[in-house]
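The first residue of the sequence shown is numbered 1, and numbering continues consecutively from there. Worth knowing before you read on, the calculation uses all heavy atoms, side chains too, and leaves out hydrogens, waters and symmetry mates.
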Amino acid sequence: MSEAAPEKRPEADWFARPVRNIARPWRDELARRLGAIDALGRAERDVVLEAGHTALLQSLHAKLSRLFLIELHALRMAAGGGRGGAAPDSDTRTWAAFIEQAGEEGYLDRLAGRYPSLGARVASVARLSVAATAGFAGRLAADRELLRPLLQAPVGELRDVVFGAGDSHRGGLTVSRADFAGGSVMYKPRPSETDIALGALLDELYADFPGAPAPAERIRVPRTLARDGYGWAEFVGHRYCADDAELAAFYRNVGHWLAVLRLTGGTDMHAENMMAAGPVPVIVDAETLFDAPAPFPPSGRGDAVDVAAAAIRRTVLRTGLLPVRGTGFALAGVDISGVGSLPGQQPLIPNPVIADGGTAAARFQVDLVAMPTAGNHPSPTPVLSAYWDRILAGFREMTAHLRRAGTDPHRLLSRFEGARARRILRPTQAYVEIGRMLWHPASLHDEAAAVERARDILRRNAEVLPGAPTDRAAIDAEIAELLTGDVPLCGFTVDAAAIRATVEDWRTADLALEESVIQDALVGAYLNERSLPARVQAATRDPHARDRERRRRDLAAQMVRRLCDGAVRGGDGTVTWISPVFTPAGWSIRVLPADLYTGQGGVALALAEYVTEVRAGRADEVAGVAETCAGALRVLAETEDRTPTPSAGAFSGAASQVWTWLALHRVLGEDRFLERAAERAQLLDPSGPLVADDVEVDLLNGVAGAVVPLLNLAGATGQDRWLDAAAHIGRRLGGLAALDASGARWTTRLNPEGIGGFAHGATGVGWTLARLALSDAGSAADRHDWTGLAERAFAYQESLYRPEFGNWLDVRVGAEEDFFTSWCHGSAGIGIGMLDLHRRTGDPAHLDMAHRAARACAAEGFGWSHTLCHGDLGLWEFLTTPGHDAPSSLDAPSSLDNPSSLDAEILTSLEQRGPVGGLAREAFSPSLMSGLAGVLHTLLRMHPDAALPNPLLLD
């Protein structure tokens, strides 16, 4: 007879029976304590009892599930299900036997030999949970009649309670919601004076605010009742904006919040701490004010880096409202910000679940799940980029109001004196992960060893997180809270010294940098640019090529001045920049990393090119460029040496470093740059993690991007070892290819569907393999295989061609455009790669693809951003590339009918609009592939005698 299939049930129910048995005495204790509260009716006591008991069950289930699974497998082994045993994975009888056994009285006591601390730990968690629930009930009974102003209605009978809104602190205490007949209120088991003071501050600011919004349409905090050590707050429900006017008001209000939080030193205003109530963003938890960032130790990368890092830590970025991507293990790439956390722009996150529950094979596994949504957005599909100017305008007008003549910031903030505030000393996620470790069966078996490991982790965490506790007593206090399931909380009393320090920090703020950060933060909300930046609002007017050389030189001089003026400089002569940068976790505002795409390498190369072109008489002398270039190169080398290289890729990783130093060698002619390129190429050793463990694969981020830089290095040094390294990668690409009737493509971490295109898709990998096949790398058989695989990659790209549209379909999941003309994902990149191969092979098929790509690009035309990666500069680079008779032979608009017209389009648009970046538009970005350095590079390459490297082809 076949066994019944395991039933499906909610995750927290698999071990519900034994957990209920363990919790039964504590339910009885809670019922006894609630029975003594006469001011609550019987039905109300039952509501609290069920809510408190449910919270305890969920807590114990989460903490004990791994232990139950270990014990289940011990029973399975004992029953003959180990090696050579007969128990199949579908065995439900062993599961049933275990549940029966674990549900017996005294089960935990029988485990004491293996897990000596288990009973005491469970009792501690349960005792605190009961005390927290009973404490809530007592406070509710005492304060019921005081809650009417929060509800603006008679309170009535308690109908429901929801515990556990947020982390538990200080003995199992959690923010909770109480639902009465007259409405809902929030219970906050912490001092609430900061909320009241912040509300009063807002009332005063708007009393004489020019053009103040109506009281119901301005920023606010919930109405709050402060009690001794705790408080009650109005429940703020989520509501989407009704129309565009409300949306515009919402984002203007976000700007107001940024200005107010900058004044008050506010932090941690993430998505769950802000509620969108129509046009009003309401901060529902304002306990983290008067933040005092701790100074970081020197980075070793130069004074400029330290100055820049300190400047970032002081800006509005620390409020938590602006988009920023996490870098920790569990939340890598996740944006939890108040205005970010955009739907469709979040990576999947690891989540431990019980697989094959109900069978003897039950086990923990990590699934990737979507981030839960919060109520922070004013619309179901927020288009943050459309309202960024409203946020900036709101910040400017509220900042101007705060800084108006006669305003005393000390007086404004004096109302906070004596209030208790919270300071975030470590990331909450770090506490969560350590707490999970402390409840692992191995930790329950040897608690002393687990505690020592937790001490070591917290000590090492403090080494990279200044301000985190370092002394043994403080760390042990943190661990003691984690052992009971709480997240440690650091509180302090706001005093006159804290107010003075906060006011001084605000008064000395660099407002230009603050505004730049607000603009730049936009790109952090969008993951991996799956949407194309909107066209500029107005096309270029009357583009012309008159006086082309003078205009080119003037614009190049303007761009290099902007790069130099936007630099952060150290007292030691080092130079760097603050900018949105592209990382494996997405976009983030930071000091430039070392890479070519948005990093120090690309900017340093553009400056070196300008220095060389000035020496050649093809660019005008601009004071300070050579010194800025030298300082940038020093930071580039130190950054490479002192920070981890995240990938193998040609634009974000080790290969980008190799190519950059080779390009610098070509531009400046110094042998030390060639030596440096060879040194960085050691990171591409076939057995090293960047190659062996790569999951990116593509040209921009993955191992495919390493091939051509390695071939270039072999040619420059004459060393075959680099050919061998490239050949190894070629073989690995062969093994990773997904082959079907359409051709060959490669699944990547960023694009698991396998896509076309140059930077991330089949065309770029195929081009890499074709270049490898044309080299001396590998054997003759290898080169034959690479040629064949490249042809299949191009066949896959061709399978995406749609003659009726004259372009190749972009098949990325989540992309907002079907057909792109950019270098990264569109026809410009396809055409550039095909032209390169046609020059090398004479294959007419490559030229045919290039011609079709040129027609697609010419038909789409200019008017996007001034970027190499996804804008007009990449289009210009392709359409002006020698080696084909485009665009003159194409059915192209008259403005694109000759190379000088193409120059005219770029020059005139830069004169009329200034350089336009990617998603952030006017935000300052110094980068090569998506910013000013790319504009400078293109203007320099525009001279007919310039022989500068071409990053789009890694030439």
Side-chain angles (χ1 to χ4, degrees), residues 298-312 516 556-582 589-615 619 621-643 645 651-652 656-670 672-677 679-680 868 924-937 939-940 948-949 951:
S299 66
R301 296 164 56 190
D303 288 350
V305 173
D306 300 334
V307 170
I312 293 173
S516 176
Q558 291 175 32
M559 297 306 120
V560 82
R561 284 194 196 96
R562 285 188 63 172
L563 273 178
C564 293
D565 291 345
V568 179
R569 301 175 186 275
D572 58 355
T574 54
V575 178
T576 192
W577 290 261
I578 296 170
S579 172
V581 302
F582 183 72
I589 298 175
R590 60 180 59 183
V591 182
L592 294 191
D595 65 76
L596 180 67
Y597 190 88
T598 50
Q600 190 90 5
V603 181
L605 175 60
L607 292 171
E609 290 176 338
Y610 195 87
V611 169
T612 295
E613 292 301 285
V614 168
R615 291 172 182 168
E621 182 75 42
V622 173
V625 176
E627 293 79 6
T628 302
C629 178
L633 288 173
R634 285 178 57 193
V635 170
L636 174 60
E638 292 293 349
T639 300
E640 289 178 346
D641 289 340
R642 294 176 179 271
T643 60
T645 300
F651 292 86
S652 68
S656 83
Q657 298 171 15
V658 174
W659 187 85
T660 298
W661 292 108
L662 285 172
L664 287 165
H665 176 250
R666 172 174 163 181
V667 169
L668 297 176
E670 297 183 32
R672 64 188 177 101
F673 296 142
L674 181 57
E675 295 169 2
R676 181 74 184 179
E679 180 182 329
R680 301 313 295 171
L868 285 168
F924 176 82
S925 172
S927 73
L928 180 68
M929 295 299 293
S930 61
L932 279 178
V935 178
L936 176 61
H937 167 84
L939 290 168
L940 296 176
L948 300 175

State, to 0.1 Å, how close [X] and [Y] come at their nearest heavy-atom pair, and which atoms those are.
X: Val575; Y: Val635; answer: O-CG2, 3.3 Å
X: Leu940; Y: Ala556; answer: CD2-CB, 4.4 Å
X: Thr598; Y: Leu592; answer: O-CD2, 3.4 Å
X: Pro926; Y: Ala933; answer: O-CB, 3.0 Å
X: Ala594; Y: Glu640; answer: CB-CG, 3.6 Å
X: Pro951; Y: Phe651; answer: O-CZ, 3.2 Å

Cys564 backbone acceptor or donor facing Arg569 side chain under 3.5 Å: yes

Main-chain N/O of Ala632 paired with Gln600 side-chain donor or acceptor, under 3.5 Å: yes

What distance separates [X] [atom1] from [Y] [atom2], expressed to the nearest 0.5 Å?
X: Ile589; Y: Ser579; atom1: CD1; atom2: OG; result: 8.5 Å
X: Met929; Y: Leu596; atom1: CE; atom2: CG; result: 7.0 Å
X: Glu670; Y: Trp661; atom1: CD; atom2: CH2; result: 10.0 Å
X: Leu928; Y: Leu868; atom1: CG; atom2: CG; result: 5.5 Å

Mind checking what makes side-chain contact (heavy atoms from CB on, under 4.5 Å) contact with [X], not counting sequence neighbours?
X: Ala608; answer: Cys629, Leu664, Val667, Leu668
X: Arg634; answer: Asp572, Thr574
X: Thr645; answer: Ala654, Gln657, Arg680, Leu683, Leu690

Applying salt bridge (Lys or Arg N to Asp or Glu O under 4.0 Å), can you list everything that pairs with Glu679, at least two apart in sequence or on another chain? Arg676

Under the salt bridge (charged side-chain N to carboxylate O under 4.0 Å, His left out) definition, can you give me all pairs with a residue in residues 606-615, not counting sequence neighbours?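 Matches after skipping sequence neighbours: Glu613-Arg618.
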
Can Leu674 and Leu662 be said to form a side-chain contact (heavy atoms from CB on, under 4.5 Å), step by step? CA-CA 6 Å; Leu674 181 57; Leu662 285 172; 3.6 Å; yes

Might you work through the side-chain contact (heavy atoms from CB on, under 4.5 Å) test for Leu563 and Leu936, ending with a clear yes or no? CA-CA 9 Å; Leu563 273 178; Leu936 176 61; 4.0 Å; yes

Report the residues that fulfil ring-ring contact (aromatic ring centres under 6.0 Å, His included) with Tyr610, sequence neighbours left out, ordered by chain and then residue number. none

So which of Asp306, Thr639, Thr643 actually passes side-chain hydrogen bond (donor to acceptor under 3.5 Å, both in side chains) with Ser299?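 Of the listed options, the one satisfying the test is Asp306.
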
